[in-house]
Amino acid sequence: ALLKYRFTSSFEFQGGFNKAISRPPVDSLTGIYNILEDVQRVDAPNADLEPEHSKNYQARLAYYFGNRAPGQLTLQVSQNDIRNLRETFEYSASEFGEEDPDLQTYTFRTTRNSAETRRFRNLELSYNQTFGFLPELFRGTSVNLSYSRTYASQRRNGMAPHRLSGRLGYAYKKFNGSLGGVFTDERPDGVYGRFREAVLQFDTSLNWKLTRRATLYVQGRNITGEPLRWFDTPPGVAERVEAQEDGRAADARDGAHDGHPEGAGGGEGRTRPRRLRRGDGRPGRRNRPSRARTCRRPSGRSRGGKDGG
């Protein structure tokens, strides 16, 4: 359902509501064990997964700029209530129902449905405009800014509380180019206790139209070379809790690794006072090739384990 109301020719309101269903992917339902011997972990499917059901609410205010400087300023809020949200979870062999004596010391990672309804809220403010009122040489200048603030009732993988992006563009005759930047706040990424560091990255794009059918272009992503870093934290420390040891902040970043969440280059992160987070306590490692095995069905989704969010 969608409601649209126009206050003036350039100012309008939109509100909407819908329901949705998301079925689990096939490889999460069935398949084979993926046994990672170096980290003593088994990745397994779960044939008992149920579809996700969501209720989505949205409201939007928009003001449109016209004439020689087209663009818009918008404020949007949304709320998603999700039932049976899929999340990664870890079990011991006994909790998972595994009887193979060779796997009794292994951790079993699988996907399960959350027993609670999760609520996610988002607020986004955005502005974009082309400055057509400027002199001809600069008339092709444009700007795009956006800020979003996201809330969740519980931890969710990949959800950043704050995100800010901007782009400055310029076009003149056969040339156009842009420079943009995105700041993404620190966010959980993987099993409970693993998170990705906040990062600011810049991209650029340059285009020159040579003929009707040929265009020369150059694109650069992350032009400042800012690395992506993931961090694992020691056991027994809750997420987002400032821990102190002998008056000094205990560092949770000893297991830092760059570029890949599974920890290529593990243990090479910088040591700085930082918030501690609880997790599996294992430092990042590069996985060895795994061996396949016929899958055994998990005995249910309600058993205890370590939250993977």
Side-chain angles (χ1 to χ4, degrees), residues 1-22 52-83 85 117-154 156 158-187 198-209 215 217 219 221:
L2 176 65
L3 171 67
K4 182 184 290 188
Y5 181 79
R6 191 176 289 273
F7 298 99
T8 68
S9 60
S10 56
F11 185 41
E12 72 172 20
F13 166 80
Q14 293 183 17
F17 167 77
N18 73 286
K19 292 183 178 181
I21 183 171
S22 172
E52 291 181 352
H53 297 266
S54 63
K55 296 179 180 179
N56 308 302
Y57 308 84
Q58 292 184 348
R60 179 176 180 265
L61 286 171
Y63 182 82
Y64 299 96
F65 307 103
N67 300 327
R68 301 175 58 190
Q72 61 181 329
L73 175 66
T74 62
L75 174 65
Q76 180 171 305
V77 293
S78 63
Q79 176 176 303
N80 302 320
D81 295 328
I82 305 178
R83 179 167 55 88
L85 179 70
T117 298
R118 304 289 183 92
R119 172 166 290 178
F120 305 99
R121 289 175 173 169
N122 176 263
L123 180 148
E124 182 173 345
L125 178 65
S126 62
Y127 163 75
N128 67 79
Q129 189 172 16
T130 300
F131 300 137
F133 54 83
L134 295 177
E136 182 179 359
L137 181 62
F138 304 105
R139 196 168 294 167
T141 303
S142 62
V143 64
N144 190 322
L145 299 172
S146 177
Y147 169 74
S148 65
R149 177 73 170 98
T150 306
Y151 304 85
S153 60
Q154 294 187 38
R156 185 177 188 181
M159 196 197 78
H162 302 274
R163 188 178 187 274
L164 178 65
S165 65
R167 182 167 295 274
L168 178 65
Y170 177 75
Y172 182 71
K173 294 184 178 180
K174 297 182 178 182
F175 171 83
N176 70 77
S178 65
L179 175 66
V182 178
F183 168 79
T184 307
D185 200 7
E186 181 180 284
R187 58 203 184 277
V199 64
L200 173 62
Q201 294 182 322
F202 293 93
D203 301 334
T204 188
S205 174
L206 303 173
N207 295 269
W208 184 272
K209 190 172 183 179
T215 301
Y217 68 91
Q219 291 183 334
R221 299 189 61 184

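For this chain, numbers begin at 1 and follow the sequence in order. Everything quoted here is computed from the prediction, not taken from an experiment.
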- Task: Could you walk me through whether Phe17 and Leu3 pass side chain to side chain contact (heavy atoms under 4.5 Å, CB included), step by step?
- Result: CA-CA 9 Å; Phe17 167 77; Leu3 171 67; over 6 Å; no
[atom1] of [X]: more than 12 outside heavy atoms within 6.0 angstrom?
{"X": "Tyr63", "atom1": "OH", "result": "no"}
{"X": "Phe175", "atom1": "CZ", "result": "yes"}
{"X": "Phe138", "atom1": "CZ", "result": "no"}

Is any side-chain heavy atom of [Y] closer than 4.5 Å to one of [X]?
{"X": "Tyr170", "Y": "Leu137", "value": "yes"}
{"X": "Pro161", "Y": "Asp185", "value": "yes"}
{"X": "Leu164", "Y": "Leu145", "value": "no"}

- Examine Arg149 relative to Tyr151 and say whether NZ or CZ is less than 6.0 Å from the centre of the six-membered ring and inside a 45° cone about the ring axis.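 Yes, Arg149 and Tyr151 form such a contact.
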- Would you confirm whether Arg139, through its side chain, and Leu134, through its main-chain N or O, come within 3.5 Å as a donor-acceptor pair?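 Yes, the answer is positive, given that a donor and an acceptor are paired below the 3.5 Å cut-off.
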- Backbone N or O of Ser178 within a donor-acceptor pair of the Thr204 side chain at under 3.5 Å?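 Judged by distance alone, yes, a pair lies under 3.5 Å.
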- Item | The single option from Arg119, Arg118, Lys19 passing salt bridge (charged side-chain N to carboxylate O under 4.0 Å, His left out) against Asp81 |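 Going through Arg119, Arg118, Lys19 one by one, the salt bridge (charged side-chain N to carboxylate O under 4.0 Å, His left out) with Asp81 is satisfied by Arg119 alone.
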- Task: Verify whether one side chain among Asn207 and Ser205 offers a donor that lies under 3.5 Å from an acceptor in the other.
- Result: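 Looking only at side-chain atoms, Ser205 and Asn207 do form a donor-acceptor pair, the distance falling under 3.5 Å.
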- Does a donor on one side chain and an acceptor on the other come within less than 3.5 Å for Tyr127 and Gln129?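 The answer is yes; a qualifying pair exists.
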- Just do the side chain to side chain contact (heavy atoms under 4.5 Å, CB included) check on Val199 and Val182 with the steps written out, would you? CA-CA 8 Å; Val199 64; Val182 178; over 6 Å; no
- Message: For a quick test of reading the model, state the closest non-hydrogen atom pair linking Glu186 to Ala198 and the distance between them.
- Response: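 Answer, listing the atom of Glu186 first, then Ala198: N-CB, 3.5 Å.
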